[in-house]
Amino acid sequence: MLSTSVSVTSRLLYRGLGSIPAPLYDDSIIEPLGFPSNDNLHRSRNGVRVFDLLEGNGATALRCLYNMLLKECTVSKRVDQGKTVHAHVAKSLFRCEVVMNNTLLNMYAKCGSLEEARKVFDEMPQRDFVTWTTLISGYSQHGQPIDALVLFIQMLRDGFIPNEFTLSSVVKAAAAAEPRGCCGQQLHGFCLKCGYDLNVHVGSSLLDMYTRYGLMDDAQLVFDALESRNDVSWNVLIAGHARRCGTEKALELFQRMLREGFRPSHFSYSSIFGACSSTGFLEQGKWVHAYMIKSGEKLVAFAGNTLIDMYAKSGSIHDARKIFDRLAKRDVVSWNSLLTAYAQHGFGREAVCLFEEMRKAEITPNEISFLSVLTACSHSGLLDEGWHYFELMKRDGIVPKAWHYVTIVDLLGRSGDLDRALRFIREMPIEPTAAIWKALLNACRMHKNVELGAYAAEHVFELDPDDPGPHVILYNIYASGGRWNDAARVRKKMKESGVKKEPACSWVEIENAIHMFVANDERHPQREEISRKWEEIYAKIKDLGYVPDTSHVVVHVDQQEREVNLQYHSEKIALAFALLNTPPGSTIHIKKNIRVCGDCHSAIKLVSKVVEREIIVRDTNRFHHFRDGTCSCGDYW
DNA sequence: ATAGGGTTAG
């Protein structure tokens, strides 16, 4: 059907314009072209209608036709059809024309076929500055920043003058290139000399580069100096702060952007939600979400996916599900985001259901999907399901990476089959990583296997000597086995090697304010009330059978003092504070910078029963949902 | 004919 209308067109061209060399209009040449869409010949494109082609001379008509086709291939990224057009161009009058070759080069570059693009470039009899710029931006946009920079130097050596298009691509390349060196700053100087440093495009690239270098003040200076700003320049600055966990700054800029009359796009929203998510600013994130709804901005996957993640990471798994359900179009990342959410919250069954739903919806799971469903299985102790998905993954042709192996070691470890976990590690086709040994070490802590724990710890110390976590776990393994001499040895070794335990802290967000606590916190204005509240709770949970587990105190002091220290762990203080300052019956959210300690875990379980509240604790590893005396992690984490 | 910004895991 397509070729019929094409050949009609070509005959019209031929009849009307006799002076054109015959082979160019031979139907056998034109006909094999597969057109992306029939409409394109009739629709206005490049300002040309098919019948306009009849006016003027034949060369112009054909050039327009090739341009239309190449544009269509570029936009729809159909490089195979582009190659067919290329074959025609190569036989035509235009094969030596700079502009036509630039168009071809651009088609290949935009489609990501950089080798083809390079061939066109190398074979061009003549080049202009657009030729260079097109290939440079191709490299820059497709993850080949070094090639872009090398080509830029050659461009200058060959005497071509870069313009603002060239420079914005080159600066982007410099921001992405490793190692960084100082080529970014040198380029900034170059832009300044050319007078392009204040241009919106070049300037946005420059300020993006500075944020990626971590030089936020320099980024701000570039932003302030821009000759004009648009939504992109705002978004670049917001995204820069968001990436560096500068959530407050990102939010402040977002509000300034609104005040100055710019309309945020899904770029702005996804940066903001991402920042709120990684730093736990739920209330602020909700505010921005509400603003987005009111402004009528459609919920697209890019922003929606971060929103799923934000609600999940803030502890509101049900809100995460709501967003997922409301998304008009879901991509693989949307599914992965919700799968990950279920995994982190220990909702294993839900994750398994969702994974099956995903396959029914004909979305192909990728390695992240499998990682999430495996993590969910391991966090809920679904041993058989975990094995099933591990096998399925391999059958689907996805090669398991180290992190997939971690989940299996974790799964076997949780089930208590430590020997099998060790055998699994020994038989893996990859070299075990620190994370794999850490999973075994953790299993040894939970099942109190001192010998294997020490063995796993040795491997961890060798592979990741700077992580204080494993030292603390090994200490706890020895301490809970009553082996205080060995425990003391671990402490001594920690001291000698200079590994520092990260000071634990916990925080709660109440009415837009974040309250942070460290152990034995004595600075809070409500400290006396908090202390009284904890004493009251402590008495009640003791009645329910709570016995302080002093093996979790790393300070080597006498038993009584250990018990006292334990009662002022940061998560207990934060919990007492939250009980004082939130309405009865509401869910309490606590966040913690390291893994929740075993004693606090047992205490919080009982507190959830005593106060009849749901308590959700986010630690570095996962979420714990405490309710009516139990925890969603099943006491394994 | 050529330019700059955003998502999930670890």
Side-chain angles (χ1 to χ4, degrees), chain A residues 46 63 67 70-71 74 97-107 109-110 128-138 140-141 162-173 175 196 199-209 211-212 222 226 230-240 242-243 264-275 277-278 300-310 312-313 320 324 330-341 343-344 366-376 401-404 406-407 433-435 438 620-621:
Chain A
N46 296 340
R63 189 184 280 114
N67 282 337
L70 285 173
K71 180 157 188 171
T74 307
E97 280 187 7
V98 177
V99 174
M100 183 58 82
N101 278 309
N102 285 349
T103 311
L104 274 168
L105 175 58
N106 184 47
M107 183 273 298
K110 283 285 169 4
D128 64 6
F129 71 99
V130 176
T131 317
W132 289 87
T133 301
T134 306
L135 189 56
I136 289 170
S137 68
S140 169
Q141 286 166 349
N163 66 357
E164 65 269 42
F165 287 71
T166 326
L167 290 174
S168 44
S169 289
V170 175
V171 171
K172 179 185 158 83
Y196 288 125
N199 168 277
V200 211
H201 283 94
V202 178
S204 297
S205 287
L206 282 168
L207 83 91
D208 182 55
M209 178 190 81
T211 67
R212 286 174 200 273
V222 174
L226 286 178
N230 60 15
D231 61 321
V232 177
S233 23
W234 280 98
N235 290 342
V236 169
L237 194 56
I238 290 174
R243 255 196 309 274
S265 64
H266 57 274
F267 286 93
S268 343
Y269 288 116
S270 72
S271 295
I272 292 285
F273 296 146
S277 152
S278 51
V300 297
F302 246 116
N305 297 344
T306 37
L307 209 44
I308 292 174
D309 181 58
M310 183 188 87
K313 287 224 174 74
F324 177 83
R330 300 180 196 116
D331 56 17
V332 65
V333 179
S334 320
W335 290 87
N336 288 353
S337 301
L338 191 59
L339 273 175
T340 304
Q344 287 167 339
N366 60 20
E367 59 177 53
I368 298 177
S369 324
F370 278 104
L371 183 64
S372 296
V373 77
L374 287 169
T375 306
K401 300 262 168 64
W403 288 107
H404 297 102
V406 172
T407 62
T433 59
K438 283 179 198 177
T620 37
N621 200 34

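Worth knowing before you read on, the calculation uses all heavy atoms, side chains too, and leaves out hydrogens, waters and symmetry mates.
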Here the distance between atom P of B:dT2 and atom CG of A:L167, to the nearest Å, is 17 Å

Nearest to side-chain heavy atoms of A:V232, which nucleotide of B:dT7, B:dG10, B:dG4
B:dG4

Base, sugar-phosphate, or nothing: which does A:Q344 touch, judged by heavy atoms less than 4.0 Å apart?
sugar-phosphate

Looking at B:dG4, B:dA9, B:dT2, which one has an atom nearest to any side-chain atom of A:T133?
B:dT2

So A:T375, base contact, sugar-phosphate only, or nothing? Heavy-atom distance under 4.0 Å.
nothing

So A:L105 and A:L135, do their side chains get closer than 4.5 Å, heavy atoms only?
yes

Can you find an N or O donor on one side and an acceptor on the other, under 3.5 Å apart, linking the side chain of A:N199 with the base of B:dG4?
no

Among B:dT7, B:dT2, B:dA9, the one nearest any side-chain atom of A:T134 is B:dT2

A:F302 CZ to B:dT7 P, in whole Å, measures 7 Å

Phosphate contact (B:dT2 OP1 or OP2) by A:N106 side-chain N/O below 4.0 Å:
yes

What is the distance, rounded to the nearest whole Å, between atom CE of A:M100 and atom P of B:dT2?
14 Å

Which is true for A:N163 with a 4.0 Å heavy-atom rule: it touches a base, it touches only sugar-phosphate, or it touches nothing?
base

Donor-acceptor pair, side chain of A:T340 and main chain of A:S372, under 3.5 angstrom
no

Specify the separation, in whole Å, of atom NE2 of A:H404 and atom C1' of B:dG10.
10 Å

At under 4.0 Å between heavy atoms, what does A:S168 touch on the DNA or RNA strands: base, sugar-phosphate, or nothing?
base

Looking across every strand, which nucleic acid part, if any, lies under 4.0 Å from A:R63 by heavy atom: base, sugar-phosphate, or nothing?
nothing

Is it true that A:N336 and A:N305 share a donor-acceptor pair across their side chains at a distance under 3.5 Å?
no

Would you say A:T211's side chain and A:G240's backbone share a donor-acceptor pair under 3.5 angstrom?
no

Would you mind classifying the nucleic acid contact of A:V202 as base, sugar-phosphate or nothing, using non-hydrogen atoms under 4.0 angstrom?
nothing

Classify the side-chain pair A:N106/A:T103 by whether it contains a donor and acceptor separated by less than 3.5 Å.
no

Sequence-distant partners of A:T133, side-chain hydrogen bond (donor to acceptor under 3.5 Å, both in side chains), two or more places apart:
A:T166

Give the rounded distance in Å between these two atoms: CE of A:M209 and C1' of B:dA3.
16 Å

Classify A:R330 by what it touches in the nucleic acid, base, sugar-phosphate, or nothing, heavy-atom distance under 4.0 Å.
nothing

What's the closest nucleotide to the A:N336 side chain, out of B:dG4, B:dT8, B:dA9?
B:dT8

Closest to the side chain of A:T340, out of B:dA9, B:dA3, B:dA1, is B:dA9

Do we see A:H201 stacking on the base of B:dA3, given a limit of 5.5 Å between centres and 30° between planes?
yes

Regarding A:K110, tell me which of base, sugar-phosphate or nothing describes its non-hydrogen contacts under 4.0 Å with the strands shown.
sugar-phosphate

Name the nucleic acid region contacted by A:V236, choosing base, sugar-phosphate or nothing; use a 4.0 angstrom heavy-atom cut-off, strictly under.
sugar-phosphate

What integer distance in Å separates A:D309:CG from B:dT7:P?
11 Å

Decide yes or no, distance alone: a donor-acceptor N/O pair under 3.5 angstrom between the base of B:dG4 and the side-chain of A:S204.
yes

Side-chain N or O of A:Q141 versus OP1/OP2 of B:dT2: is the shortest distance under 4.0 Å?
no

Between B:dG4, B:dT7, B:dA1, which one does the side chain of A:K172 approach most closely?
B:dG4

Determine, answering yes or no, if A:F165 is stacked on B:dA3 under the 5.5 Å centre rule and the 30° plane rule.
yes

If I take atom CD1 in residue A:I272 and atom P in nucleotide B:dT7, what distance separates them, rounded to the nearest angstrom?
12 Å

Whole angstroms only, please: what is the NZ-P distance between A:K438 and B:dG10?
13 Å

Would you please confirm or rule out a distance under 4.0 Å between OP1 or OP2 of B:dA9 and any side-chain N or O of A:K313?
yes

Taking side-chain hydrogen bond (donor to acceptor under 3.5 Å, both in side chains) as the definition, give me every residue that meets it alongside A:S271, ordered by chain and number, with sequence neighbours left out.
none

Would you please confirm or rule out a distance under 4.0 Å between OP1 or OP2 of B:dT2 and any side-chain N or O of A:K71?
no

